[in-house]
S.K.: 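First the structure, which I've put down as structure tokens, then a few questions once you've had a look.
A quick note: this is a predicted structure, and the numbers were derived from the prediction, not measured. In each ligand, atom 1 is the first atom listed, and ligand 1 is the first ligand listed.
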Amino acid sequence: MYEHVTKILYSVETVALFMHINPDADCVGSSLAMYKYLTNLGKKVDVFLEPTEEIRDNIYILPNIDVINSTSPSSHYDLGITLDCASPTRLGKKMLKILNTHCEITISFDHHKSYSKFTDILILDANSASTTQILYKFFKENDIDAIDLDVATCLYAGLITDSGNFSYNSTTVETFEVASELISYGVDHSLLARVLYLETSYNAFSLSLRVLSNAMFYYDKRLGVIMFTSEDFKQTETKLVDTDGIVNILVNIKEVILALSIVEISNNEFKVGLRSKGDFDSSLIAEHFGGGGHKNASGCKLYGPKDEVLNKLVSVSKHYLDKYDKH
Ligand SMILES: [Mn+2]
């Protein structure tokens, strides 16, 4: 199935790996799994993240996390690989330039439904719960002996977080099969579930109290919205990475079908996270605003005054909720 990529891997010596901006556990997990796997195969591997970006504290539990941006990019790589990255803009400007100018061949591994091709080769499976699920199948076919506990741990991390601890629609028979095979390497699945999926910091907890107490509901509570302002971050000493997961509390409310988290990044610039239940496709709304993602979890960016951004999102959400009711 992956013979063409396997052939390339045998022929290369130097590899650069690229993560997406605002990296989640699937992105970091797939990058560090690929790092260790290729290192085990004797390759020289560097891992890069746009330098302005931060990684959430919880993710530091992953083995080999220190290799990220530990070297400055060299002028030439035989191969460049992007992981969990659905569009060139998600790489960040500097990383995109390095991918395009320093790498002889480029490959993407991804599982996003809305994907725009920007590498020579694309390994895409939108039915995979995580990018790490695709990687495991690839690693197994390519050279199963190069999979070790570090590789398995990083792969498992992406699997639990992107599948919502095996609860989202994207969780399939294959997801569970991959999980069980990974656990056979000795992965501490209980620790990973607690630290990556359940645990929060005190400051992030305070942030969630603030924004959830001001949550807004529309259309018979089918739509729930929370907003994070720069004042919320200042008062609780938190950052964008600390918003992670808070919107899930809203979508877990029985009446809510769609939940939005609107985060003020800078003046008149908002990052929007969408979470939905069941068959409601949140990525259609994200795509309407130039973003994308998965059915139950997607994202986009909006620009303008706060109230205008909120109104636009609420009215477009209404359109899709009405359509959903009729189907
Ligand atoms: Mn992912």
Side-chain angles (χ1 to χ4, degrees), residues 17-35 37 47-50 53-56 58-59 61-62 65 68 81-92 95 107-119 122-139 151-172 174-176 178-179 182 192-193 196-197 240-241 243-245 247-248 251 261 271-276 281-283 286-287 291-300:
L17 307 181
F18 299 91
M19 296 158 62
H20 65 65
I21 52 173
N22 193 18
D24 57 8
D26 186 31
C27 176
V28 181
S30 47
S31 302
L32 294 179
M34 184 63 92
Y35 164 80
Y37 183 81
V47 190
F48 299 114
L49 168 67
E50 187 77 3
E53 294 299 304
E54 252 183 274
I55 297 173
R56 196 175 156 218
N58 307 34
I59 298 176
I61 193 173
L62 294 184
I65 188 123
I68 298 168
I81 303 177
T82 72
L83 296 129
D84 197 44
C85 188
S87 77
T89 50
R90 293 277 291 152
L91 277 179
M95 292 307 116
I107 304 178
S108 246
F109 285 88
D110 191 33
H111 70 129
H112 290 91
K113 191 164 68 81
S114 29
Y115 177 94
S116 48
K117 193 170 187 282
F118 60 98
T119 52
L122 168 63
I123 308 285
L124 177 81
D125 181 2
N127 293 318
S128 266
S130 66
T131 296
T132 63
Q133 185 174 325
I134 305 170
L135 284 195
Y136 179 68
K137 287 191 292 177
F138 170 68
F139 289 169
V151 173
T153 298
C154 291
L155 293 177
Y156 192 83
L159 207 60
I160 48 166
T161 49
D162 261 29
S163 71
N165 217 1
F166 306 110
S167 71
Y168 296 162
N169 260 350
S170 56
T171 309
T172 60
E174 188 184 274
T175 313
F176 285 111
V178 169
L182 289 175
L192 287 177
L196 287 172
Y197 193 70
L240 173 66
V241 287
T243 63
D244 216 65
V247 68
N248 292 333
V251 82
S261 104
K271 182 180 176 287
V272 181
L274 302 93
R275 296 290 180 278
S276 70
D281 191 349
S282 73
S283 71
E287 281 167 20
H294 310 288
K295 190 194 264 185
N296 295 142
S298 57
C300 57

S.K.: Classify the side-chain pair S276/N296 by whether it contains a donor and acceptor separated by less than 3.5 Å.
M.R.: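 There is such a pair between these side chains.
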S.K.: Taking the inter-plane angle between the rings of F139 and Y37 on a 0 to 90° scale, is it parallel (under 30°), tilted (30 to 60°) or perpendicular (over 60°)?
M.R.: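 F139 and Y37: parallel rings.
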S.K.: So, does Q133 use its side chain to make a donor-acceptor pair with the main chain of S128 at under 3.5 Å?
M.R.: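 Side chain of Q133 to backbone of S128: no pair is present.
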S.K.: Given 3.5 Å as the limit, does a donor-acceptor pair link the side chain of S114 with the main chain of G293, or not?
M.R.: yes
S.K.: Could you check D26 against H111 for side chain to side chain donor-acceptor pair (under 3.5 Å), going step by step and ending with a plain yes or no?
M.R.: CA-CA 11 Å; D26 186 31; H111 70 129; 3.3 Å; yes
S.K.: Answer yes or no: is there an ion pair linking R56 with D24, defined by an N-O contact shorter than 4.0 Å?
M.R.: no
S.K.: Using a cut-off of 2.8 Å, find all protein N, O or S atoms closer to the Mn ion (ligand 1) than that distance.
M.R.: D26 OD2, D84 OD1, H111 NE2, D162 OD2
